[in-house]
Amino acid sequence: MVQREVAESMTAVPGNMRLLSVATQFYAEARVVCSVPPSAFRPPPKVRSSVVRLDVRAEPAVAVDDASGFFEVVRAGFSAPRKQLHNSLSHGLRVGTALGSAVLERAGIDGRRRPATLGLEEWAAVYQSWVELREGAECGGG
């Protein structure tokens, strides 16, 4: 049982995603089972609660070679969630906007989108693109 707003974040769909949405759905299928009104508690809180069912996945929802690296990229993307993705990703990864834009272009993602609009598959594509571009730069490829 969690606050209703947290439950909504855990079960969000692209358009309303947050870092919590990506993290929850990466490891589990989440769904709101029921709402719990304040009157169910003594004393009643000022917030509504929801029960969330989490069915843990046998494997993460998307195939990535490094979950920690994947979440580094996702956290970077959400570092400035109200900005366009090319800006928030560049800011979060501490790279120039040209590289941030190149990562998104390579992943087939419009850099003008907001982080909340990406689904898990798209985040996986951004992560993979980041890995490939970073490895290319480390090898002197650029």
Side-chain angles (χ1 to χ4, degrees), residues 1-139 141:
M1 187 173 345
V2 295
Q3 278 187 300
R4 179 177 57 189
E5 292 79 10
V6 174
E8 290 170 353
S9 180
M10 292 170 77
T11 60
V13 297
N16 294 311
M17 299 286 276
R18 296 174 142 179
L19 180 56
L20 179 60
S21 315
V22 174
T24 301
Q25 295 171 32
F26 183 81
Y27 291 111
E29 289 185 45
R31 67 181 174 90
V32 174
V33 175
C34 63
S35 294
V36 182
S39 61
F41 302 95
R42 296 276 184 264
K46 294 182 187 209
V47 297
R48 296 190 62 83
S49 300
S50 294
V51 174
V52 178
R53 179 177 173 152
L54 299 174
D55 292 315
V56 178
R57 301 174 189 276
E59 297 289 326
V62 292
V64 294
D65 62 353
D66 176 20
S68 178
F70 171 76
F71 281 108
E72 179 183 324
V73 170
V74 174
R75 273 191 302 279
F78 279 103
S79 66
R82 299 202 194 295
K83 290 188 176 187
Q84 292 181 351
L85 191 55
H86 67 96
N87 287 325
S88 63
L89 188 66
S90 299
H91 173 266
L93 292 173
R94 295 181 175 94
V95 298
T97 54
L99 181 54
S101 294
V103 168
L104 294 167
E105 184 177 320
R106 183 180 189 113
I109 307 290
D110 182 349
R112 295 172 295 182
R113 290 174 61 187
R114 308 283 183 214
T117 66
L118 271 64
L120 291 174
E121 293 288 341
E122 291 172 306
W123 279 115
V126 172
Y127 164 71
Q128 187 60 42
S129 175
W130 167 246
V131 168
E132 292 168 2
L133 286 173
R134 190 181 60 201
E135 286 175 356
E138 289 172 0
C139 293

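This chain uses plain numbering: 1 for the first residue, then up along the sequence.
In this structure the side chain of Trp130 reaches within 4.5 angstrom of the side chain of Leu93, judged on heavy atoms. The shortest side-chain heavy-atom distance between Asp110 and Leu104 does not fall under the 4.5 Å cut-off. Side-chain contact between Val56 and Tyr27 is absent, with no heavy-atom pair separated by less than 4.5 Å. Side chains of Val64 and Phe26 form a contact here, defined as non-hydrogen atoms less than 4.5 Å apart. Two residues are said to be in side-chain contact when any heavy atoms from C-beta on lie closer than 4.5 Å; Val73 and Leu89 meet this criterion. Two residues are said to be in side-chain contact when any heavy atoms from C-beta on lie closer than 4.5 Å; Arg75 and Leu19 meet this criterion. Side-chain contact check for Arg82 versus Arg114: every heavy-atom pair is 4.5 Å or farther apart. For the pair Pro45 and Pro38, the minimum side-chain heavy-atom distance is below 4.5 Å.
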Exercise. Decide yes or no on side-chain contact (heavy atoms from CB on, under 4.5 Å) for Phe78 and Val22, but give the supporting numbers first.
Key: CA-CA 11 Å; Phe78 279 103; Val22 174; 4.1 Å; yes
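Side chain of Ser79 to backbone of Ser88: a donor-acceptor contact under 3.5 angstrom is found. Side chain of Ser21 to backbone of Arg18: a donor-acceptor contact under 3.5 angstrom is found.
For the atom pair CD of Glu105 and NE2 of His86, the computed distance is 12.0 Å after rounding to the nearest 0.5 Å. Note: Arg57 CZ to Gln25 CD = 7.5 Å, rounded to the nearest 0.5 Å. Distance check: Arg106 CZ to Glu132 CD gives 4.5 Å after rounding to the nearest 0.5 Å.
Nearest heavy-atom pair across Ala7 and Val2 is N-CG2, 3.7 Å.
Aromatic ring orientation, Phe70 versus Tyr127: perpendicular (interplanar angle above 60°, classes split at 30° and 60°).
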